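Predicted, not measured: the structure shown is a model, and the values here were computed from it.
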Amino acid sequence: MQVQRLSLPSYTLTPPNVSPSQQLSSKILKLNPNSKSGFCDSLKMVFKSPTGLRSHGGSVGVMCGVAQQEDTDDGFYMRRCVELARKAIGCTSPNPMVGCVIVKDGKVVGEGFHPKAGQPHAEVFALRDAGDLAENATAYVSLEPCNHYGRTPPCSEALIKAKVKRVVVGMVDPNPIVASKGLDRLRDAGIEVTTGVEEESCKRLNEAYIHHMLTGNPFVTMRYSMSVNGHFLDQLGEGVAKSGGYYSQLLQEYDAIILSSSSIIENASIPVSQEAGANQPVQIIIARNSSSPIQIPALTMEPIGKPIIFSDKETTVELERAHTGIETVVLDQINLEAILEFCNSQGLCSALLDLKGNIGDFEELLQDGIAKNLLQKIVIEVLPLWDANDGGNFPIALKSLRKRLEVKNLKPKVSSENVVLEGYL
């Protein structure tokens, strides 16, 4: 395959002119681009700045208006909740990511986020941070406080005990155990409650959790790469798998990744997120119609758990299992529904279907996923390459679609020299 590399122009955002008085009264918040921020454009999602962006070395400063406006802007503090919540990306499943901010007299007196399933919720950390200042304060929380005893006590009771005056909630929890019960408990205790602030941002933060709660199925994203002239490419763009690249960030967002065994063999490794402290997804490897044992080199050298092989050849799997100790699942027919049922049984709430390697391994999965509406999201990486072949290796299941699939909320971003498109099916 002959390809020609193209260069993408680079752009910088410059803020409009700001008067000295505005500069003095404005507040600069810094986001660290190397922190645990996943695929979503967290800067655009968390902050909607009327005055533009400016660069400050390795971080990004956001002009958020004068202090008097910030003190009364529920949306401002809710966006801060979302920013805090995203610090735990990839660590809370099957729980949602949640952030909480305590504000009193126009000042932030406490902050917290839910770091991991089984640990205290965001409200508890924020109330601890605020201490006695929480009394008569306003608590902002991106998701409705729980009102039941699980592995941790109910957050609604913690807020009541702290004597907060008002609670502002981003969205109602779709978990039927919670579902407005936390809000009712707060109101019954005489606390003023406001809901639906920055609701779309809060929903996008926990799209996998919400989908799993409403449907009982894992949230599935399909990812592939293509050239600028529309041909399927079996490769990643330069830099995207490194720390800060979209692919590295994407890996840490999902509980599982579905791969072709040929991709593992050809690359002699399993893809892992390079983000600091990232939880690695469970590796589900599709091995279809293999007549010889699957040789997957150096698995024990990677910072991941043992992969799981889905195969329709039991004899092949038994030989390989004896050789490597890898867990296997043998099916009469490998399809996406069966894989997702397995994910459910393992408590996995999301999966990334990564179309690399032998596309034939994915044909039945794609057909099953499209026919049964099992795919929720699509991520397409456009490399700055012009592919000279005819694109004949594009998945047949996608080329032969007889119905139009509408992609909603399609948004672009740039990762290294590549353009990444994200949308919902």
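Two residues are said to be in side-chain contact when any heavy atoms from C-beta on lie closer than 4.5 Å; Asn95 and His114 meet this criterion. Here the side chains of Leu421 and Val407 are not in contact, with every heavy-atom distance at 4.5 Å or above. Using a 4.5 Å heavy-atom cutoff, the side chains of Cys343 and Ile284 are in contact. Two residues are said to be in side-chain contact when any heavy atoms from C-beta on lie closer than 4.5 Å; Pro271 and Leu259 meet this criterion. The side-chain heavy atoms of Lys372 and Asp368, taken from C-beta on, include a pair separated by under 4.5 Å. Looking only at side-chain heavy atoms (C-beta outward), Glu207 and Thr221 stay at 4.5 Å or farther from each other. Here the side chains of Arg80 and Val108 are not in contact, with every heavy-atom distance at 4.5 Å or above. A heavy-atom distance below 4.5 Å is found between the side chains of Thr194 and Arg166.
Residue Ser263 holds its OG atom at 4.5 Å from NZ of Lys356, rounded to the nearest 0.5 Å. One distance of note links CD of Gln346 with CD of Glu327; it measures 6.5 Å at 0.5 Å rounding. Taken to the nearest 0.5 Å, the CE atom of Met97 stands 13.5 Å off from the SG atom of Cys81. Atoms NZ and CG, on Lys107 and Leu133 in that order, are 10.0 Å from each other to the nearest 0.5 Å. Put simply, CZ on Phe219 and CG on Leu352 are 10.5 Å apart, with the number rounded to the nearest 0.5 Å. How far OG1 of Thr92 is from NE2 of His121: 10.0 Å, rounded to the nearest 0.5 Å.
Ser273 places a side-chain N or O within donor-acceptor distance of the main-chain N or O of Ser248, the cut-off being under 3.5 Å. Looking only at distances, a side-chain donor or acceptor of Glu381 sits under 3.5 Å from a matching main-chain atom of Gly237. Proximity of a side-chain donor or acceptor of Ser350 to a complementary backbone N or O of Asp255 within less than 3.5 Å is detected. In this structure, Glu275 contributes its side chain and Gly244 its backbone to a donor-acceptor pair below 3.5 Å. Between the side chain of Gln376 and the main chain of Val220, a donor-acceptor pair closer than 3.5 Å is present. Side-chain atoms of Ser225 never come within 3.5 Å of backbone atoms of Leu236 as a donor-acceptor pair (strictly under, hydrogens ignored). Under a 3.5 Å cut-off, the side chain of Ser416 and the backbone N or O of Gly239 do not form any donor-acceptor pair. Between the side chain of Asn229 and the main chain of Trp386, no donor-acceptor pair closer than 3.5 Å is present. Asp234 places a side-chain N or O within donor-acceptor distance of the main-chain N or O of Gly357, the cut-off being under 3.5 Å. At least one donor-acceptor pair under 3.5 Å links the side chain of Gln283 to the backbone N or O of Pro281.
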**Request:** Would you sort out whether Lys181 and Glu144 count as a salt bridge (charged side-chain N to carboxylate O under 4.0 Å, His left out), showing the intermediate values?
**Result:** CA-CA 9 Å; Lys181 296 181 180 67; Glu144 174 188 1; over 6 Å; no

Apply the test side-chain contact (heavy atoms from CB on, under 4.5 Å) to residues Arg79 and Ser201: give CA-CA distance (whole Å), side-chain angles for both, the deciding distance (0.1 Å), then the verdict. CA-CA 8 Å; Arg79 292 191 290 274; Ser201 294; 5.6 Å; no

Problem - Stepwise side-chain contact (heavy atoms from CB on, under 4.5 Å) test for Met222 and Leu366 - result: CA-CA 9 Å; Met222 174 177 65; Leu366 290 174; 3.4 Å; yes

- [ ] Would you check, one step at a time, whether the test side-chain contact (heavy atoms from CB on, under 4.5 Å) holds for Ile270 with Gln280?
- [x] CA-CA 11 Å; Ile270 281 181; Gln280 304 298 339; over 6 Å; no

*asked:* Show, in sequence, the C-alpha distance, side-chain angles and deciding distance for Tyr247 and Asp354, and conclude whether the side-chain contact (heavy atoms from CB on, under 4.5 Å) test is met.
replied: CA-CA 10 Å; Tyr247 188 73; Asp354 198 3; 2.4 Å; yes

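In this model, a donor atom of one side chain and an acceptor atom of the other lie less than 3.5 Å apart for Asp361 and Ser260. No hydrogens or angles considered: a donor-acceptor pair under 3.5 Å links the side chains of Tyr246 and Arg223. Side chains of Gln274 and Ser243: a donor-acceptor N/O pair is absent below 3.5 angstrom, by distance only.
At most 12 heavy atoms of other shown residues, nucleotides or ligands fall within 6.0 angstrom of atom CG in Asp132.
Ring geometry for Tyr224 against Phe232 counts as tilted: the plane angle lies between 30° and 60°, on a 0 to 90° scale. Under the 30°/60° scheme for interplanar angles, the aromatic rings of Tyr140 and Tyr77 are found to be tilted.
For Arg128 and Phe125, the positive end sits near the middle of the six-membered ring, less than 6.0 Å away and at most 45° from its axis.
Across all their heavy atoms, Asn147 and Ser156 have their closest contact at OD1-OG, 2.5 Å. The minimum heavy-atom distance between Asn335 and Ala338, with the atom names listed, is OD1-N, 2.7 Å. In terms of heavy-atom proximity, Val197 sits nearest to Cys202 at O-SG, 4.1 Å. In terms of heavy-atom proximity, Ile339 sits nearest to Ile258 at CG2-CD1, 3.9 Å. Across every non-hydrogen atom of Pro96 and Leu143, the tightest pair is CG-CD2, 3.4 Å. Between Val420 and Ser415, the shortest heavy-atom contact is CG2-CB, 4.2 Å.
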